[in-house]
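I have placed the structure first, in the form of structure tokens, so that the comments after it can refer back to it.
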Protein chains: 2
Amino acid sequence: MADASGSTGPTASPLFLREAEIRRGIELLYFGHAAMVRGADRILAARGLGRAHHRALYFIGRRPGLAVSELLRLLAITKQSLSRVLSDLQRLGLVESRVGEADRRQRRLRLTAEGERLEAELFAALKERMARAYAQAGQAAVGGFWAVLSGLIPPEDRALVLALDREGRKPGGKRP
Amino acid sequence: MADASGSTGPTASPLFLREAEIRRGIELLYFGHAAMVRGADRILAARGLGRAHHRALYFIGRRPGLAVSELLRLLAITKQSLSRVLSDLQRLGLVESRVGEADRRQRRLRLTAEGERLEAELFAALKERMARAYAQAGQAAVGGFWAVLSGLIPPEDRALVLALDREGRKPGGKRP
DNA sequence: CATAGTAGGTCAACATGGCTGACGCATCCG
DNA sequence: CGGATGCGTCAGCCATGTTGACCTACTATG
């Protein structure tokens, strides 16, 4: 690690399980997450959307063609809550759904061109902040960042999250 | 963007700034944070409290004697929102407020014995998860975790967050 | 093929926790 | 003294989560 943890004070001591270290993690996680989330609020407000819309948009953009049930598992909310958000997004022409080919009960979701435009704008805001943090902290720190975070996620969910990364989406391509 | 992995730029740009790495960070941060927050829900529900109560309780426990305005800055909500939460906590005998000594307009907040008991229980749940993640990831990873997160926080807020760690606890406080 | 199970949509009611706006005090400070 | 500050409160609205019940369309199975 590029010993770039300068602004965070002393590096983790052998006693990193002590209360102070735990609290530091809790607090940085809280404020770091809050900072990311707020970073997109202006863009959303300009469209009359909320954070719930952002989350749905993000995952649909991330896994084009995902089924509603898959999105529900990722968001961990009820289908009634999702339905409001999803129908907003469809009404605004940001998301469209197609009947599944293999299983015609499914509705496979994807972004429209306009939806992709908005998602790109939102992602740019997130990216700017995250990229700056990565650059400041150094490459090795990024590995540590990932390692701790993935340890926080319960094993059942972890596979789901890591699966987001597999098989990059290609615009225009179809996902199974 | 996401400048293809195939094309090597003029100067090999750092791998970790590529889109996939940014998205991985966004997603792990989201799910890691969600896992931590949910980890306390059972305990809160058993007392009929919500996450907003937890956040207030946490910071009051962290900085006994803080003023309402300081808590407001940390939580970044309006005083009307806070007032509901705070009056719940006071009504339940978990938090008490005293008139400030230097400035008698202030109300300095602290946990009651019962409030400390609940906070300890909530902290134990958070700690278990965080400690396991720290242990799995290793000591060096923890430093990276902190470094990236603190880079996410806007500079104005960063000082506020880091100040939580400084021992300002009043005399009489027992901290190892 | 009948039927049970699954994917999804919808209606209705309610809880939580944000927000704005408008006041009212007590207190501090120039 | 008079304005600014710290705090509390009333009143109403909005976003987003919850349960529970019920419906259609489709799949899978005995």
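Below, chain A is the first sequence line, B the second, and so on; all start at residue 1. Only this structure's heavy atoms are used, side chains among them; waters, hydrogens and symmetry mates stay out.
Salt bridge status for B:R98 with B:E96: present, with a side-chain N to carboxylate O gap under 4.0 Å. Salt-bridge annotation for A:E121 and A:K127: absent, with no side-chain N of the basic residue lying under 4.0 Å from a carboxylate O of the acidic one.
Side-chain contact annotation: A:E27 with B:Y58, donor-acceptor N/O pair under 3.5 Å present.
The interatomic distance linking A:R73 (CZ) with C:dG8 (P) rounds to 13 Å, in whole Å. When rounded to the nearest whole Å, the span between CG of B:L72 and C1' of D:dG8 equals 12 Å. Between the CZ atom of B:R108 and the C1' atom of D:dC7 there is a distance of 14 Å, rounded to whole Å. The CD atom of A:Q106 sits 11 Å away from the P atom of C:dG9 (whole-angstrom rounding). Distance A:R91 CZ to C:dG9 P: 15 Å, rounded to the nearest Å. Look at CG on A:L71: it is 10 Å from P on C:dG8, rounded to the nearest Å. If you take CZ of A:R107 and P of D:dT27, they are 10 Å apart, rounded to a whole angstrom. When rounded to the nearest whole Å, the span between CG of B:L86 and P of D:dG6 equals 17 Å.
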Output, in order, the C-alpha distance, side-chain angles, deciding distance and verdict of side-chain contact (heavy atoms from CB on, under 4.5 Å) for A:F59 and A:E70. CA-CA 10 Å; A:F59 288 118; A:E70 294 165 343; over 6 Å; no
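The base of D:dT27 lies outside donor-acceptor range of the side chain of A:R105, with no N or O pair under 3.5 Å.
Mapped onto DNA chain D by nearest heavy atom, B:S87 and A:R104 fall at different nucleotides, with B:S87 at the one closer to the 5' end.
Within the 3.5 Å criterion, the main-chain N or O of B:R108 finds no donor-acceptor partner in the side chain of B:S97.
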Using a cut-off of 4.0 Å between protein heavy atoms and nucleotide atoms, how would you tag nucleotides 14-23 of chain D 5' to 3' with B, S and -? --BBBBBB--
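Atom CZ of A:R91 sits in a crowded spot, with more than 12 heavy atoms from other residues, nucleotides or ligands closer than 6.0 Å. Heavy-atom neighbours of A:E128 CD from other residues, nucleotides or ligands within 6.0 Å: at or below the threshold of 12.
For C:dG8, the OP1/OP2 oxygens have no side-chain nitrogen or oxygen of A:S83 closer than 4.0 Å.
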